[in-house]
Amino acid sequence: MRKIILLTSKNDAINFIHSSLFKIKDCIVISLHKEVEDVLNEVGIKGYKTNRDYETDSIYKNIDKESMAFAMIWFNGIKDLMQYKDINLGACLRSSYLFSEIYKNIRLLKRIIKKEMPNEINIFYYDLHIDNKFLLEDNDNSFYWFIKEIIKNKNIDLKKLSCKDKIAQVKNNFFKKSLSKIQNKLLFGLIFNKKKKILLIGSRNQFSNIISSLKEFDYTTIRGGYDLGLSLFKNSGDYYLTFKCFQNRFIKKALFKARILMKEYYNKLILNENDIKKRFIYEGISYWDIFKQKLKFLYRKEFFEVIRNIETINFLSKNNYFDLIIVSNDINTFEKTLVVATKKLNKKSIVIQHGATTHPVSFLPLLADYIFVWGKIAKDWLIKFGRINKNRVVITGCSRFDSYLLPNRINKKEIHSTFKIQKNKKIILFAPPFHHKYGHFPNFQLNIDQITMMYEKVFNNLKLLKNIHLIIKL
């Protein structure tokens, strides 16, 4: 008998090493996530396979395009059950939300089953405890349900592996929550502020030079984010706004009604289950049971957070807290919601380029009124691939480098002195590309293996040069 054990998360890996399963011979252990490999490697378990053993150049071909197209068909099909104050909540979500990862997992699992031809598949299954009435997205046993549908008509046994129950808990940081409330209360002074007020949503590094310039022109700046970040303590703006903790009786009342509305929408959706489930067929297999769990999360959690941010923008606008909003993107759900809500109030919105324009998932479609870009290459790319009116794309350069043009900028002599570099040596500044430990977005993120390979090549080539000092900007 050919057995497979699938490990899909760090929690799976921990349960696996605490059991006697890793001692079983003639069993193929497959890791589907890099964090699983980290746990297994730490205790010296070897001989397992990874998702990379099954991934080919073509396995995920057109996956983003297919998932985005499917998302639009699905959301359009139930748009009446996603309306909130003339705003389509589905239109506020990241375009490929809910579907792209599901499509990828389905293709990968089908490839594993085809290649290994198992008689038995083992996977950890968690009895979920729902905290605060919200089903957490990463606790939904998706892989179990994927496999169950894929092997429905095959002679393969699917076994649940016993494990500790996984309890969904909401982290509560009292300090951050208290500090957020204090910061938000200070915003009250904006009501009486007669200056033009600009709300900036994004990282401190991206906006620090912009905020400094705006102050010279007598603008009031409010830097904000969904949650409270460490950069608050280096905030260069006049105010800081934490959306997650911004509440008052008006917003609370609206959210109370919204929760009832979302429950009504979800119940209507389930009542029409027999008609709707027909839409959830991918590559000849129905995945309605999986999507149903995702939709529960969508209506109980995700849409509710979207509505919270819509109501916050409505209140801020009504009480003269801002005149213009600037964001680092209008693709992610949080920023996208703010732009959609702002446009409904007839206020202008601007995206400021943050990262290279190399893939549509980063910048398109553009919802904001304008996008400020680094140069001609970015502008031409947006006009060509996004079919954006050229008047909406403005070349400004990258604001993070504004300080290089200041009269008091640091000079080369100071660099040699600060880093104790010999005067006869030439300096190479290396700024590595954006990366993530597990490379969640392979179109524009490198993973640890790719980063390691890149550094090896850099160091090996520098050995061929003389009188060189390397500075790495992390």
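Residue numbers start at 1 and run along the sequence shown. Computed over heavy atoms, backbone and side chain alike; hydrogens, waters and symmetry mates excluded.
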With a 4.5 Å heavy-atom cut-off, do Lys195 and Asp218 have their side chains touching? yes
Can you find a pair of side-chain heavy atoms, one from Phe16 and one from Leu161, that are under 4.5 Å apart? no
How would you list, by chain and number, every residue that makes a side chain to side chain contact (heavy atoms under 4.5 Å, CB included) with Asn51, sequence neighbours excluded? Leu32, Glu37, Glu55, Leu108
Can a cation-pi geometry be assigned to Lys197 and Tyr321, taking NZ or CZ under 6.0 Å from the six-membered ring centre and within 45° of the ring axis? no
Ring pair (Phe, Tyr, Trp, His ring centres under 6.0 Å) with Phe146: which residues, sequence neighbours excluded? Phe143
Quick check against the 3.5 Å criterion: does Ser317 have a side-chain atom that pairs as donor or acceptor with the backbone of Ile313? no
Asn332 and Tyr226 side chains, donor-acceptor separation under 3.5 Å: no
Locate the shortest heavy-atom distance separating Lys336 from Asp330; write the atom from each residue and the value. CG-O, 3.4 Å
Mind checking side-chain hydrogen bond (donor to acceptor under 3.5 Å, both in side chains) for Asn389 and listing every partner two or more places apart, or none if nothing turns up? Asn391
Do Leu255 and Arg308 have side chains that approach each other closer than 4.5 Å (heavy atoms only, starting at C-beta)? yes
The criterion is side-chain hydrogen bond (donor to acceptor under 3.5 Å, both in side chains); which residues satisfy it with Lys348, sequence neighbours excluded? none
Residues two or more places apart in sequence or in another chain: which of them pass side chain to side chain contact (heavy atoms under 4.5 Å, CB included) with Ile260? Phe256, Glu264
Residues that Tyr84 engages under ring pair (Phe, Tyr, Trp, His ring centres under 6.0 Å), provided they are two or more places apart: none
side-chain hydrogen bond (donor to acceptor under 3.5 Å, both in side chains) partners of Asn248, counting only residues at least two apart: none
To the nearest 0.5 Å, how far apart are OG in Ser31 and CD1 in Ile5? 12.5 Å
Rounded distance [0.5 Å steps], CD1 in Ile211 versus CG in Asn209: 9.5 Å
Value rounded to 0.5 Å, distance of CD1 in Ile326 from CD1 in Ile352: 4.5 Å
Are Gln83 and Tyr265 linked by a side-chain donor-acceptor pair shorter than 3.5 Å? no
What orientation do Phe243 and Phe334 show, parallel under 30°, tilted 30 to 60°, or perpendicular over 60°? perpendicular
If the condition is ring pair (Phe, Tyr, Trp, His ring centres under 6.0 Å), which residues does Tyr370 pass it with, not counting sequence neighbours? none
Just to verify, what does Asp86 make a salt bridge (charged side-chain N to carboxylate O under 4.0 Å, His left out) with, not counting sequence neighbours? none
Identify, with sequence neighbours excluded, every residue that meets salt bridge (charged side-chain N to carboxylate O under 4.0 Å, His left out) alongside Lys152. Glu149
Does NZ or CZ of Arg259 fall inside the cone over Phe304's six-membered ring, less than 6.0 Å from its centre and within 45° of the axis? yes
Quick test of your reading of the model: are Lys244 and Glu305 salt-bridged, counting only N-O distances below 4.0 Å? no
Hits for side-chain hydrogen bond (donor to acceptor under 3.5 Å, both in side chains) against Lys343, two or more places apart or cross-chain, chain-then-number order -> Asp369
Please check if any side-chain donor atom of Asn122 sits under 3.5 Å from a side-chain acceptor atom of Glu120, or the reverse. yes
Please check if the distance between the ring centroids of Tyr144 and Tyr125 is under 6.0 Å. yes
Which residues pass the side chain to side chain contact (heavy atoms under 4.5 Å, CB included) test with Lys390, not counting sequence neighbours? Lys379, Ile383
Polar side-chain atom of Gln353 near backbone of Phe372 as donor-acceptor pair, under 3.5 Å: no
For residues Lys34 and Thr50, determine if any side-chain heavy atom of one lies less than 4.5 Å from a side-chain heavy atom of the other. no
